[in-house]
Protein chains: 2
Amino acid sequence: MPRPPRADGARVTIADVAARAGVSLSTVSRALNGNPTVDPALAEKVRDAATALDYTASPVARSLVLGRTQTVAVVVPDLGNPTFQAILRGLSRAAAADDYHVLVADSAESVAEERVLATATRRRTDGVILCSPRLPQDELDRLVGGLTPAVLINRSSGDVPSVRADYRSALTAELEHLYGQGHRRIVYLAGVARSVANAARLEAIAEFAAGHADAVVTEIPCGVDFEAGAAAGPAVRASGATAALAFNDLVAMGLLSAVQADGCRVPADLSIVGFDDIPFARYTSPPLTTAAVPANELGAEAWARMRGLLEGAEPGHPLSLLPQLTVRGSTGPAPV
Amino acid sequence: MPRPPRADGARVTIADVAARAGVSLSTVSRALNGNPTVDPALAEKVRDAATALDYTASPVARSLVLGRTQTVAVVVPDLGNPTFQAILRGLSRAAAADDYHVLVADSAESVAEERVLATATRRRTDGVILCSPRLPQDELDRLVGGLTPAVLINRSSGDVPSVRADYRSALTAELEHLYGQGHRRIVYLAGVARSVANAARLEAIAEFAAGHADAVVTEIPCGVDFEAGAAAGPAVRASGATAALAFNDLVAMGLLSAVQADGCRVPADLSIVGFDDIPFARYTSPPLTTAAVPANELGAEAWARMRGLLEGAEPGHPLSLLPQLTVRGSTGPAPV
DNA sequence: CTGTTAGCGCTTTCAG
DNA sequence: CTGAAAGCGCTAACAG
């Protein structure tokens with residue numbers, strides 16, 4: 001079996017440059033890496049030869065010898081989710097600015113895949129960033145132990161650096177907004193029950209309920225997408241609530257669409273609040289009141305943490321970004 | 001529970017496995033790669049040792065010796081664009097199914113970045129897939145020459161495999177749909193003027209105009225996002241057209257939002273047509289008539305082409321997927 | 001069937 | 001300041 005052709009074709013190697021410049025391999029390496037202990041004249045010659053030959057050092061060979069790939073892995077549950085897309089975008093651009101590459105992996109919302117991808121991609125990169133991992137806490141703790149360096153987005157584990165959106169405070173702000181508008185019967189369309197994001201929201205609700213005896217917040221099991229929100233329409237109407245708090249914007253939009261098709265006026269009959277502020281939230285009619293999660297910054301900050309680890313910095317404190325309550329047309333005074 | 005070996009310094013190497021199994025390095029390599037010329041008993045011993053040590057071969061070292069990284073690069077103009085996200089998702093999942101990894105790079109719509117990223121990522125991968133590159137044709141031709149293997153999405157160059165959405169036919173279908181509804185004055189909100197996607201649409205318009213002497217299609221320079229669409233609102237109203245054809249769904253949604261805010265009824269006063277069928281197109285009100293570009297499939301097909309090249313197959317014919325005209329509520333009969 | 005021996009392309013001691 | 005030589009961790013000829 002003949003060896004497969006070299007992936008990068010008839011690459012010019014450092015030896016070619018050395019030959020053309022009439023120096024040794026080491027000198028080429030030093031010159032091209034800006035090592036100051038090289039005679040300026042020789043360095044010049046080397047650079048000329050490299051340019052003439054259109055030479056660039058093989059990243060793979062460098063990775064092997066340096067033990068550094070100049071690449072980080074990002075594992076997301078679903079590349080189709082607008083929030084993760086924004087995080088990836090912010091992360092990717094920030095990493096690129098530091099001359100780092102990004103390997104993406106989509107776990108398709110599968111916990112098993114998540115585990116496998118994290119360890120597999122870690123081996124070919126310098127670190128991995130887990131975006132909203134779905135793993136249960138104990139498994140996550142065990143996993144990140146073998147991933148060092150790792151950064152978590154929207155989760156935490158031991159002293160692993162993490163950046164997150166403060167779901168709890170943001171939901172509190174939404175609840176206060178509704179309460180201020182006179183709403184006393186509110187439904188919460190819950191996301192994946194055992195998700196961390198959902199737990200944070202439930203905490204906020206419990207706290208709110210404790211502080212507002214005249215308000216009642218009931219929970220309706222739901223999902224995380226349009227269809228789930230639309231399907232919850234009848235239950236929301238039947239509940240008699242004057243306001244609905246959706247797990248995210250997708251759910252809110254599904255609900256909005258379903259109840260309007262059913263003759264319900266928003267916000268006159270029902271106020272609806274989303275979460276995330278995906279790009280389309282402002283284009284529904286009425287535009288969606290929501291909590292704007294700074295996804296791009298979350299991504300950029302995640303990279304900043306990773307870079308820190310790569311440079312040997314201490315993990316540092318978890319960063320928490322507060323989503324901004326963004327009031328638009330889907331909320332209004334409670335009907336009398 | 002023993003801690004797994006550190007991902008860091010003290011990596012388990014093939015020598016450790018060889019020592020533990022009491023065989024040579026080559027035997028370990030052969031056994032672990034499923035080489036059938038290994039004594040089953042020995043192979044078993046090797047596998048046990050590997051498992052005990054939690055050993056996995058270093059991908060970087062393998063890449064160097066095999067000349068294959070098991071990774072492909074994908075360069076997109078903007079990770080924030082829903083269409084590219086969908087393409088990336090389809091591509092990433094298809095590649096993962098074949099045990100390949102994906103390195104993403106966001107060129108931020110910059111032609112210069114595009115060129116740099118393509119060559120840079122190519123060096124650390126087995127091939128690159130350029131998604132809707134913005135480079136002018138001659139530069140693209142020059143670039144892909146040094147990228148082999150490469151696959152193009154929505155562009156073509158020589159015999160480089162390419163997959164694309166047939167923008168032209170799809171736009172023709174949209175125009176015919178509007179014409180059939182009685183529209184005779186139509187405006188086209190153009191995207192980036194020198195883009196190939198825009199050129200394809202202009203061709204369709206020219207052809208349509210030639211075949212329908214009683215219809216007039218005028219072009220309004222616009223952009224590619226919400227804001228651009230919204231900003232074009234006044235110009236569209238002023239044009240006196242009864243139907244607007246947007247460069248893409250984002251533009252259509254921006255326009256929809258702007259003209260409605262201005263008291264214009266859609267589709268009674270103005271019909272609006274988008275392009276792409278991004279996930280939210282069906283949730284505007286009224287829902288958007290558009291041409292559904294099969295972005296996930298485009299991504300999956302692009303991977304299929306790349307895999308073919310990697311396996312030494314011939315480039316094959318360019319693949320063209322026809323976007324499906326999807327009629328929803330934003331279009332209706334022309335006002336009388 | 002198995003071990004020994006060259007490298008893959010590069011960086012980095014270690015001597016001169 | 002420069003070159004020779006030793007690997008980084010792995011695979012694949014090439015003998016046994």
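Quick note: numbers below take in every heavy atom, side chains included, and nothing from hydrogens, waters or symmetry partners.
- In the set C:dC14, C:dT2, C:dT11, the nucleotide with an atom closest to the side chain of A:Arg30 is C:dC14.
- Using a 4.0 Å cut-off, no side-chain N or O of B:Arg11 falls inside it from OP1 or OP2 of D:dG9.
- The separation between A:Arg124 atom CZ and D:dG9 atom P is 16 Å, rounded to whole Å.
- At least one donor-acceptor pair under 3.5 Å links the side chain of A:Thr121 to the backbone N or O of A:Leu117.
- When distances are taken from the side chain of A:Leu64 to each of C:dT11, D:dC8, C:dC10, the shortest belongs to D:dC8.
- When all heavy atoms are compared, the tightest approach of B:Asn81 to B:Thr83 is OD1-N, 2.8 Å.
- Here B:Val60 lies out of heavy-atom contact (under 4.0 Å) with every strand.
- As rounded to whole Å, 13 Å separates atom P of C:dC8 from atom CD1 of A:Ile14.
- In this structure, CG of A:Leu66 is placed 14 Å from C1' of C:dT13, rounded to the nearest angstrom.
- Separating the CZ atom of B:Arg68 from the P atom of D:dT11 is a distance of 10 Å, rounded to the nearest angstrom.
- Distance, B:Lys45 NZ to C:dT2 C1': 13 Å, rounded to whole Å.
- Between the CG atom of A:Asn35 and the P atom of C:dT11 there is a distance of 11 Å, given to the nearest Å.
- Counting non-hydrogen atoms under 4.0 angstrom, A:Val65 reaches a base of the nucleic acid.
- Here the shortest heavy-atom pairing between A:Pro161 and A:Ala150 reads CD-O, 3.5 Å.
- Taking atom CG of residue B:Asp16 and atom C1' of nucleotide D:dC10, one finds them 13 Å apart after rounding to whole Å.
- At the phosphate of D:dT2, neither OP1 nor OP2 sits under 4.0 Å from any side-chain N or O atom of A:Ser26.
- As a whole-Å value, the separation of A:Asn33 CG from C:dC10 C1' is 9 Å.
- An OP1 or OP2 oxygen of D:dT11 is reached within less than 4.0 angstrom by a side-chain nitrogen or oxygen of B:Arg62.
- Regarding contacts with the backbone of D:dC1, every side-chain N or O of A:Thr27 stays at 4.0 angstrom or more from both OP1 and OP2.
- Using a distance-only test at 3.5 Å, with no hydrogens or angles considered, no donor-acceptor pair links the side chain of A:Arg11 to the main chain of A:Tyr55.
- Within the structure, a side-chain polar atom (N or O) of B:Ser29 is placed less than 4.0 Å from OP1 or OP2 of D:dT11.
- Among the protein residues, A:Thr13 comes within range of the sugar-phosphate backbone only, with heavy atoms under 4.0 Å from sugar or phosphate atoms but none that close to a base.
- With DNA chain D read from its 5' end, the first of the two nearest nucleotides for A:Leu25 and A:Leu42 is the one closest to A:Leu42.
- In plain terms, the two heavy atoms of B:Arg134 and B:Glu109 that are nearest each other are NE-OE1, 2.8 Å.
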